[in-house]
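Treat the numbers as computed from the prediction; the structure is a model and nothing was measured.
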2 protein chains.
Amino acid sequence: MTPDAEPIRRRKLSDEVRERLLAQINEGDLRPGDPLPSERELMARYGVGRPAIREAMQQLASLGLIVVRHGDRPRLAAPRLDLLAEQLALTMRHVLTHDDTILAQLKEARIVIETGTARLAAQMRTSADLEHLRDLLARQLLARHDPAEFMRRDGDFHAALAGISGNVVLSSVVRAVFDWMARFHSRAVHSSGLERLTLDEHEAIVAAVAAGDPERAARAMQDHLTRANALYRQASVADN
Amino acid sequence: MTPDAEPIRRRKLSDEVRERLLAQINEGDLRPGDPLPSERELMARYGVGRPAIREAMQQLASLGLIVVRHGDRPRLAAPRLDLLAEQLALTMRHVLTHDDTILAQLKEARIVIETGTARLAAQMRTSADLEHLRDLLARQLLARHDPAEFMRRDGDFHAALAGISGNVVLSSVVRAVFDWMARFHSRAVHSSGLERLTLDEHEAIVAAVAAGDPERAARAMQDHLTRANALYRQASVADN
DNA sequence: CCGCTTCTACTGGTATGACGAGTTGTGGCG
DNA sequence: CGCCACAACTCGTCATACCAGTAGAAGCGG
C-alpha cells in the first residue's frame, strides 16, 4: 500500500556502535559491575575512530546503562530508579515548558495514581505506618511558616502514603510527579494562608487511612488534589 | 552535624558545559525550532575544546531537548512524549533485567493505574468510544490464532481504554508499561488457549464501561490484571 | 610470611588540526 | 522573474598527542 516511505537517512556511526553495544549488553548476560571492553579495544574491533565509540558510550552512560569512570574501564551500571527519575526530570521540564496541554493532563494523571495509592494505603497500613504519617503531619505543621520547607514536607507526605504499599515504583512516580509540578508552581501551591487547608485535607486522608476505608481515603485524596489543581490553574505562572 | 561528606570529585568539562547550556536553554525563552550557537562558537565562548562541547550537546540531544542535524546548527527540539517513552524503554529494560523486585512492583503499579483509567472511562465514555472499543475487541478476536498480532491488539485495547479519558499522559504510560512487560513475557502472556479468557475479560470491562459503572469497570480491570499477573509469575522466564 | 608503599601500565578526558559531507542562502545566469 | 550553481557555513569523523586518574603488580620493610 504505502510505497515504503522510509526515509533513507544516513545513520551516524555512533548510532550503529550504540546499537551493537546495546545488543551485546542485552544478549550477553553481564551483571552490574562487570567491565566492558575499553574504548581503544572497541575502536579496533569495530574499525571506527574513538569519537564514534565515545559518543555511543556517552549515550549509554546518560541512559544509566553503563558507568564510566576516569581511569577505569566502562562497567555495567547497577539499575537505579532514582537516577531514572532525575534524568526524566530534565525532559519533563522541557515538555511542560513548551506544551501547555501536558501539565493539565499530568495533574489528572496524578489524581488517578494517588487516589489509587490512597486506596492501597487504607488497605495495607500498619500501626507503624499511621504513626509515621502522623509524624510527617506534625512536622509539616511546624513548617507552616516556611514555604519551601512546607512544600518539602508536603511531598514527603504524599510519597510516604504511596510508600505504605511497599511499592517503590509507585512511590517513586508519586515523588517524581510532585517534584515536577512543584518546580512549576512553587509559589502558587502554598500562597497566602492555605497551609491550614492543606493540613486539614491531609488529616482527612490520614483519618480515612486509619479507619481502613479505601473509598473514603480515595475520595479525600481526590478532593485534596482537585482543590489543589484548581489553585494551580488560578495562579498559572511558571516560575524559574 | 555531618562534617560535609560531599565528595570533591572532579567534574568533567562536558558536565559543566551541559549545565550552562541547560541553564541558557531554560532561562532564555526559546521556542522549539530556534537555533542554538554552533559548536565552534561555543568552544570559543567557553574556552574549551570541541569534544567537550560535542559531548554536552550529545547528552542534551539524547535527552530530547535539542536536535542536531548534519549540516545545520543545533535547534531546540519539539517536546515529544513518545520519544520520551522510547528512551525510557531502554532504561527500564536494564532495570527489569537486573532487579527482580521491580517487575512485581511494576505489575502492581499497572493495576493501580489501569483500574483508575477504567473508572475514568466508565464515567466519560461516549457512544463513539464504545464503538471503538468493540471494534478493537472484534479485531483481537480475529487475531486469536496469531500470538504476536493478538498481543498487539491487546495493547491497543488497554491504550484505547486509557485514551477515553482524553489524557495523553495516561494513555502513553499505559502503552509504555504494556510494552515493557510484553517484551519480558511475550511468550508467557498468551500461551496455550488463554486468548478466549482474555477476550472474555476484556468484554466484561467493556460491558461495565458501557453501563457507566466505574466501580464495576475497576473491579473487572483488577480481576483481569490480577489473573494475568498470576500467569506472568507462573511462567517466569524473561525472553530475549 | 605478611602488610604497606611505590611504581607502572592501562584507562578515560581533553585539545588540536584536518578533512568529508550535508544544509542553506546567495548571487548570477538564462 | 525564476531557476540553478556555487560558496559559506554547519556537523561528522578521524588521527594524534598528551594529561589525569585508577588499579594492580612489584618491591620494600616489618
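Rounded to whole Å, atom C1' of C/dC19 lies 11 Å from atom CZ of B/Arg50. Atom-to-atom, CD1 of B/Ile53 to P of C/dA15 comes out at 9 Å; the value is rounded to the nearest Å. Rounded to whole Å, the distance from CD on B/Glu16 to P on C/dT14 is 11 Å. As rounded to whole Å, 16 Å separates atom P of D/dC11 from atom CD of B/Glu55. Across the protein-nucleic acid pair, A/Tyr46 atom OH and D/dC14 atom P stand 14 Å apart, rounded to whole Å. For the pair B/Met43 CE and C/dA18 C1', the interatomic distance rounds to 13 Å; values are reported in whole Å. At whole-Å resolution of the value, CG in B/Leu13 and P in C/dT16 are 11 Å apart. A/Asp72 has its CG atom 14 Å from the C1' atom of C/dA9, to the nearest Å.
Surrounding CZ of A/Arg45 are more than 12 heavy atoms belonging to other residues, nucleotides or ligands, all under 6.0 Å away. At most 12 heavy atoms of other shown residues, nucleotides or ligands fall within 6.0 angstrom of atom CD in B/Glu86.
Put simply, the side chain of B/Pro51 does not reach to within 4.5 Å of the side chain of A/Pro51, judged on heavy atoms. Considering only heavy atoms from C-beta on, B/Asp154 comes within 4.5 Å of B/Gln140 through its side chain.
Of all nucleotides listed (D/dT10, C/dT23, C/dT14), C/dT14 comes nearest to the side chain of B/Ser14. Across C/dA15, D/dT10, D/dC14, the shortest atom-to-atom separation from the side chain of A/Val48 is found for D/dC14.
Between C/dT24 and B/Arg69, a contact under 4.0 Å exists linking OP1 or OP2 to a side-chain N or O.
Sequence order on DNA chain C of the closest nucleotides to B/Gly47 and B/Arg75 puts B/Gly47 first from the 5' end. Nearest-nucleotide positions on DNA chain D for B/Leu36 and A/Ala52 put B/Leu36 closer to the 5' end.
Between the base of D/dG21 and the side chain of A/His70 there is no donor-acceptor pair shorter than 3.5 Å. For C/dG12, its base sits under 3.5 Å from the side chain of A/Arg40 at one donor and acceptor pair at least.
Residue A/Arg54 is classed as a base contact, given a heavy-atom separation below 4.0 Å to a base. Base engagement by B/Gly71 is indicated by at least one non-hydrogen atom pair under 4.0 Å involving a base atom.
Classification of B/Arg139 and B/Asp135 as a salt-bridged pair holds, one side-chain N sitting under 4.0 Å from a carboxylate O.
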